[in-house]
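Keep in mind it's a predicted model, so treat the numbers as computed, not measured. Quick note: numbers below take in every heavy atom, side chains included, and nothing from hydrogens, waters or symmetry partners.
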Amino acid sequence: MPADDRHSETPPFDLEQFLPFILNQAAEATGRAFQPAYREGHGLSRTEWRVLAITGRYERLTARDICAIAHEEKSRVSRAVAALERQGLIRREADSRDRRSDTLMLTSDGSVLYARIGQSAIAFDRALRDALTPEAEAALRQLLERITRIAEDMPEGPGRG
């Protein structure tokens, strides 16, 4: 066998050891654990909750802004905005800078729901943090921020490495 045959030395792909998979599993597990806070009693989907939370946090923004912040597809955000609008939780206003898009903001009912679910989010976050030592939580935050920066700096496309 030739000495430069890199494939013979490369272990087979193991999904359970693939860092993006591990990160996704953690995100999905925590997302599912928080889901009752917005689904039960409020009937919101995950995307609707994210749109409500982002709109509540930033107060006035476009659907395009929400897509960028949430890293969510335009069609999913559009459906969520429409659903929230039907429920009277979000309202649209013509964007004075760009007539092709609308500025979104919470209604008073949307603000009340955002605050209510936000309190559940604070308690959920506190429970997760309390399960870690302060040092572990700080290290995790630093590592996740570093992974995000590394991934954002990587060139796009297949065969990155």
Side-chain angles (χ1 to χ4, degrees), residues 13-93 95 97-98 101-154 156 160:
F13 176 69
D14 183 352
L15 181 63
E16 285 76 23
Q17 298 302 313
F18 185 51
L19 191 54
F21 182 77
I22 295 167
L23 292 169
N24 187 62
Q25 294 295 89
E28 284 297 316
T30 55
R32 279 191 307 274
F34 183 65
Q35 193 172 37
Y38 55 83
R39 188 169 302 262
E40 294 173 9
H42 306 296
L44 298 179
S45 71
R46 184 182 295 187
T47 305
E48 290 166 358
W49 159 242
R50 286 179 180 166
V51 168
L52 184 82
I54 291 167
T55 306
R57 165 66 175 86
Y58 294 99
E59 296 182 3
R60 298 176 60 88
L61 68 173
T62 66
R64 180 179 292 124
D65 297 330
I66 294 170
C67 291
I69 293 166
H71 301 285
E72 192 70 69
E73 292 177 10
K74 182 181 174 186
S75 61
R76 292 176 66 117
V77 169
S78 294
R79 285 191 299 270
V81 166
L84 293 168
E85 194 173 22
R86 282 191 304 274
Q87 295 172 59
L89 301 171
I90 281 186
R91 67 183 177 91
R92 296 174 191 259
E93 192 175 275
D95 189 329
R97 299 166 302 175
D98 182 356
S101 66
D102 295 325
T103 299
L104 304 170
M105 62 212 74
L106 297 182
T107 63
S108 58
D109 287 347
S111 294
V112 168
L113 184 57
Y114 168 67
R116 184 179 306 137
I117 299 173
Q119 290 304 303
S120 295
I122 290 168
F124 182 81
D125 186 65
R126 188 177 304 121
L128 282 175
R129 290 169 189 264
D130 287 350
L132 302 171
T133 65
E135 297 80 16
E137 192 246 326
L140 176 61
R141 180 174 300 281
Q142 289 175 343
L143 286 170
L144 291 172
E145 289 170 357
R146 184 172 179 200
I147 288 169
T148 299
R149 284 191 308 273
I150 291 167
E152 287 173 344
D153 289 343
M154 290 179 133
E156 293 186 22
R160 289 180 177 217

S45: partners by side-chain contact (heavy atoms from CB on, under 4.5 Å), with sequence neighbours left out: T47, E48
Selection residues 103-123 - residue pairs positive for ring pair (Phe, Tyr, Trp, His ring centres under 6.0 Å), sequence neighbours left out: none
Partners passing side-chain contact (heavy atoms from CB on, under 4.5 Å) against L128 (at least two apart in sequence or in another chain): T30, F124
Side chain to side chain, I117 and F34, heavy atoms closer than 4.5 Å: yes
Pairs involving residues 15-26, ordered by first then second residue, that meet salt bridge (Lys or Arg N to Asp or Glu O under 4.0 Å) (sequence neighbours left out): none
For residues 142-154, dump all side-chain donor-acceptor pairs below 3.5 Å to protein atoms at least two apart in sequence or in another chain.
| from | atom 1 | to | atom 2 | distance (Å) |
| --- | --- | --- | --- | --- |
| T148 | OG1 | L144 | O | 2.9 |

Results of side-chain contact (heavy atoms from CB on, under 4.5 Å) for T107 - residues two or more places apart only: R91, D109
Set of residues satisfying salt bridge (charged side-chain N to carboxylate O under 4.0 Å, His left out) with respect to R57, sequence neighbours excluded: none
Qualifying residues under ring pair (Phe, Tyr, Trp, His ring centres under 6.0 Å), relative to Y58, sequence neighbours excluded: none
Neighbour count above 12 (heavy atom, 6.0 Å) for E137 CD: yes
pair L113-L44: side-chain heavy atoms closer than 4.5 Å: yes
Residue list, side-chain hydrogen bond (donor to acceptor under 3.5 Å, both in side chains) with E72, at least two apart or on another chain: R50, R76
Partner residues of S108 under the side-chain contact (heavy atoms from CB on, under 4.5 Å) criterion, sequence neighbours left out: none
Of all pairs that satisfy salt bridge (Lys or Arg N to Asp or Glu O under 4.0 Å), the ones with a partner from residues 116-126, not counting sequence neighbours: D125-R129
Within residues 27-43 or reaching into it, pairs that qualify as salt bridge (Lys or Arg N to Asp or Glu O under 4.0 Å) - sequence neighbours excluded: E28-R32, E28-R46
Any side-chain heavy-atom pair of L106 and I90 under 4.5 Å: yes
